[in-house]
Amino acid sequence: NNYSRYKASLFEKQLSAVTWAALQEKIFEFPGFYEQKRSVRYYPDSTAAQFLGYIGEVNDKEIEKFNGFYTQGDYIGKSGIEKSYEDLLRGQRGVKNIMVDVHNREQGSFFEGKYDTTAVSGDKLISSLDKKLQLFGEKLMNNKIGSVVAIEPSTGEILAFVSSPKYDPNMMVGRERGNNYMLLLKDPSKPMFIRPTQAEYPPGSIFKVVNALIAQQFGSVNEKTIFHCPGGYRYGSKGFMGCTHVHGSISLERSIEGSCNTYYGHIYNRMIDKTGLKPSVAYTRWREAVMKFGIGEALGIDLPAERNGLIPSAEFYTKRWGSDKWGSSFNISLSIGQGELGITPLQMANVMAIVANRGFYYKPHLIKAIGEEKVVKKEYTIKNNVGIDSKYFEPVIEGMSKVVNSTSGTGYYSRISDIELCGKTGTVQNPHGADHSVFVAFAPRHNPKIAIAVVVENAGYGSTWSAPIASLMIEQYLRDSITRPKAYVDRILQGNFMPGQKKQVVKPKVNKDSTKQASTQSLVALIKKENE
């Protein structure tokens with residue numbers, strides 16, 4: 001009665017089928033009450049919840065924002081694609097003008113419908129996601145916290161967008177939506193947090209790929225430049241940045257293959273301290289070159305609330321040290337992707353798309369076409385060059401190939417027979433707990449079809465967890481099947497890195513088949529070697 005003495009108002013919403021069936025028999029006993037059917041979302045595959053997003057009833061602020069287009073009880077996209085493409089999905093409201101008397105009783109059509117308008121349904125959206133690959137990625141990431149982002153380098157279309165842990169999008173539909181929302185919001189593993197675009201990590205050793213390319217473009221090194229690695233890089237009077245091994249004399253190509261920290265300490269020193277420029281100016285030039293790779297600013301994916309990542313400015317360090325007389329030794333950790341850097345998994349995957357394309361990328365996007373005419377947004381067809389000559393990519397790509405395909409490479413266990421996979425492992429230092437496992441890659445080497453980034457939080461070595469996940473995803477996409485032994489896949493499926501649970505490393509059962517036996521034995525040997 002407070003709402004209106006004459007206008008209809010909602011009494012009870014989303015009645016169950018059982019309740020409605022019983023009510024139908026007695027509705028005549030309640031004059032003034034009537035039902036109104038509403039469409040309700042249903043997600044048959046229960047997948048990609050963070051990509052799809054969810055809808056909810058408009059609030060007063062949203063009604064005001066859209067100048068009265070919505071009325072109380074209408075639904076609007078609250079997150080994900082539902083929110084990004086709300087203006088296309090909602091269509092146009094139809095209007096029917098009815099004459100009523102003072103008691104709100106209908107008296108017929110106003111002006112015989114002259115001022116009525118027909119409702120227009122919203123546009124359909126065609127997703128770029130490969131459903132089979134998406135479901136496989138979610139399965140591999142079960143009981144793990146992290147992300148998988150796969151991109152088609154030639155178009156920028158996102159093939160897989162896995163944010164783990166996931167949740168069933170059907171939880172955000174129906175009478176229990178409010179309760180489910182609060183459960184998800186209070187979940188300590190934050191399933192509603194969109195990790196591919198909102199989580200920021202130091203990239204670790206995968207950043208060496210970027211520094212190797214920029215250093216060549218600056219003329220600081222070339223593919224034949226050799227540095228000596230005695231097991232670490234010394235800087236300043238007492239500074240020392242340890243390396244993974246004593247590499248001895250090492251080239252650019254081998255520095256990628258062996259992930260040599262010493263090599264990148266030297267080239268970062270050359271880019272910042274030995275240019276003839278003031279170090280803070282040289283740093284700004286380096287930072288601008290890094291940002292051309294889509295790092296440090298949002299890529300503009302068609303999802304809301306994408307994070308920028310972080311590459312500190314020269315002013316940041318000048319303020320920190322109280323002077324502009326700082327050099328490479330003051331932030332040497334940036335040379336190997338540590339320190340103040342923050343990069344999203346989407347940005348990591350985009351870097352791999354750039355390397356796969358030998359110097360350019362298309363803006364990553366999740367909707368490939370709109371409407372019956374299958375319209376592609378113009379911004380997704382623009383080639384973004386990163387300012388690195390194509391010739392400088394070859395020694396880096398050769399090193400990335402050897403990471404996976406050479407017996408001495410850090411990602412050898414993740415090689416794929418008859419497919420040249422090029423990748424880079426990363427073990428990212430985490431001040432809050434165990435290191436993060438990171439791997440980026442693209443395949444095949446020539447005419448690449450997929451670029452990928454995998455992050456598994458608190459899982460340790462990139463070669464042990466992220467690399468196998470990426471390798472399986474790539475093989476699934478390129479072959480539509482998996483040829484590796486069942487034990488290889490089972491180990492990933494059974495790995496558990498959820499907080500409060502014991503880390504599981506499942507040793508595969510040895511098959512009597514000699515080929516499979518060799519594969520599984522090499523897996524156990526690698527795990528032991530990594531742990532030692």
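Just so it is clear, the structure is predicted and the values come from calculations on it, not from any experiment.
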- Item | Lys208 side chain reached by Ile206 side chain, heavy atoms, under 4.5 Å | no

- Do Asn458 side-chain atoms and Ala434 backbone N/O form a donor-acceptor pair below 3.5 Å? yes

- Query: Donor-acceptor pair, Glu157 side chain versus Lys368 backbone, under 3.5 Å?
  - Reply: no

- Quick one: does Arg287's side chain have a donor or acceptor within less than 3.5 Å of a partner on Pro312's backbone? yes

- Scan side-chain atoms only and decide if Ser164 and Glu138 contain a donor-acceptor pair under the 3.5 Å cut-off. no

- Note on the structure: Smallest heavy-atom separation, Ser205 atom then Thr425 atom, equals CB-O, 3.5 Å

- For Phe69, is the NZ or CZ atom of Arg93 found under 6.0 angstrom from the centre of its six-membered ring and inside 45 degrees of the ring axis? yes

- Candidate pair Lys139 and Val489, rule side chain to side chain contact (heavy atoms under 4.5 Å, CB included), full reasoning: CA-CA 11 Å; Lys139 189 176 179 181; Val489 181; over 6 Å; no

- Query: Using a distance-only test with no angle check, is there a side-chain donor-acceptor pair under 3.5 angstrom linking Ser401 and Glu420?
  - Reply: yes

- Note on the structure: Only one of Arg484, Lys449, Arg415 passes salt bridge (Lys or Arg N to Asp or Glu O under 4.0 Å) with Glu475, and that residue is Arg484

- Message: Just checking Glu106: does its CD atom have more than 12 heavy atoms from other residues, nucleotides or ligands closer to it than 6.0 angstrom?
- Response: no

- Message: Less than 4.0 angstrom from a charged side-chain N to a carboxylate O is my criterion; do Lys144 and Glu457 meet it?
- Response: no

- Could you tell me which non-hydrogen atom of Glu57 sits nearest to which non-hydrogen atom of Glu62, and how far apart they are? O-OE1, 4.0 Å

- side chain to side chain contact (heavy atoms under 4.5 Å, CB included) assessment of Met400 paired with Met352: CA-CA 11 Å; Met400 292 175 64; Met352 283 300 98; 3.5 Å; yes

- Message: Test your reading of the model: is there a side-chain donor-acceptor pair from Asp187 to the backbone of Ser189, 3.5 Å cut-off?
- Response: yes

- Task: Establish, yes or no, whether the cationic atom of Lys78 lies under 6.0 Å from the six-membered ring centre of Tyr54 and within 45° of the ring axis.
- Result: no

- Task: Check the pair Leu366, Phe161 against side chain to side chain contact (heavy atoms under 4.5 Å, CB included), reporting the backbone distance first and the verdict last.
- Result: CA-CA 9 Å; Leu366 289 154; Phe161 188 85; 4.1 Å; yes

- Atom OG in Ser313, atom CG in Leu310: separation rounded to 0.5 Å? 9.0 Å

- Specify the closest pair of heavy atoms between Leu346 and Thr197, including all atoms of both residues, with the distance to one decimal. CD2-CG2, 4.0 Å

- Going by heavy atoms in the side chains, are Phe293 and Tyr361 under 4.5 Å from each other? no

- Note on the structure: In Lys65, Arg90, Glu64, the residue satisfying side chain to side chain donor-acceptor pair (under 3.5 Å) with Tyr70 is Arg90

- Query: Sub-3.5 Å donor-acceptor pair from the side chain of Asp168 to the main-chain atoms of Asn170, do we have one?
  - Reply: yes

- Might you point out which heavy atoms bring Ile98 and Ser109 nearest each other, and give the distance in Å? CD1-CA, 4.4 Å

- Item | For the student: nearest non-hydrogen atoms of Ile81 and Leu303, plus distance | N-CD2, 3.6 Å

- Mark yes when over 12 heavy atoms from residues, nucleotides or ligands other than Tyr181 sit less than 6.0 Å from its OH; otherwise mark no. no

- Scanning both residues in full, the closest heavy-atom pair of Asn97 with Asp116 reads N-OD1, 2.8 Å

- Message: Heavy-atom count check: over 12 atoms from other residues, nucleotides or ligands less than 6.0 Å from Glu25 CD?
- Response: no

- Message: For the NZ atom on Lys83, are there more than 12 heavy atoms of other groups (residues, nucleotides or ligands in this structure) within a distance under 6.0 Å?
- Response: no

- Are a donor atom and an acceptor atom from the side chains of Thr381 and Lys378 found within less than 3.5 Å of each other? no

- Item | Working for side-chain hydrogen bond (donor to acceptor under 3.5 Å, both in side chains), residues Thr344 and Gln198 | CA-CA 7 Å; Thr344 67; Gln198 296 178 341; over 6 Å; no

- Query: Do Arg38 and Gln36 have side-chain heavy atoms sitting under 4.5 Å apart?
  - Reply: yes

- Query: Going by distance alone, is a donor N or O of one side chain under 3.5 Å from an acceptor N or O of the other, for Asn179 and Glu176?
  - Reply: yes

- Message: Closer than 3.5 angstrom, by distance alone: can the side chain of Asn180 be matched with the main-chain N or O of Met171 as a donor-acceptor pair?
- Response: yes

- Query: Any cation-pi pair here, Arg195 with Phe193, using under 6.0 Å and within 45°?
  - Reply: no

- For Gln72, look at atom CD and say whether over 12 heavy atoms of other residues, nucleotides or ligands are found less than 6.0 Å away. no

- Is the number of heavy atoms from other residues, nucleotides or ligands under 6.0 Å of Glu372 CD greater than 12? no

- Message: Check the orientation of His365 and Tyr380. Use parallel for under 30°, tilted for 30 to 60°, and perpendicular for over 60°.
- Response: parallel

- Item | Test: Lys132 and Asp480 ion pair at under 4.0 Å | yes

- Task: For Asn384 and Ile382, indicate whether the former's side chain and the latter's backbone hold a donor-acceptor pair under 3.5 Å.
- Result: yes

- Any chance the side chains of Gln476 and Ser481 put a donor and an acceptor closer than 3.5 Å? no

- Under 3.5 Å: donor-acceptor pair, side chain of Glu200, backbone of Ile343: no

- Task: Side-chain contact test, heavy atoms from C-beta onward, threshold under 4.5 Å: evaluate it for Phe136 versus Tyr477 and give yes or no.
- Result: no

- Any side-chain heavy-atom pair of Ser437 and Val455 under 4.5 Å: no

- Message: Between Trp465 and Phe497 (judged by ring centroids, cut-off 6.0 Å), do the two rings come close enough to count as a pair?
- Response: yes

- Query: For Asp60, does the CG atom sit with more than 12 other heavy atoms under 6.0 Å from it, leaving out its own atoms?
  - Reply: no

- Message: Working note: Asp435 + Val428, criterion side chain to side chain contact (heavy atoms under 4.5 Å, CB included); need CA distance, chi angles, decisive distance, verdict.
- Response: CA-CA 5 Å; Asp435 293 342; Val428 177; 5.9 Å; no

- Message: Whether the Glu152 and Tyr362 side chains hold a donor-acceptor pair (N or O, under 3.5 Å, no angle test) is what I'd like checked.
- Response: no

- With a 3.5 Å cut-off and no angle check, do the side chains of Ser471 and Ser414 form a donor-acceptor pair? no

- Message: Tell me if a side-chain donor or acceptor on Asn430 pairs with a main-chain N or O of His432 at a distance below 3.5 Å.
- Response: yes

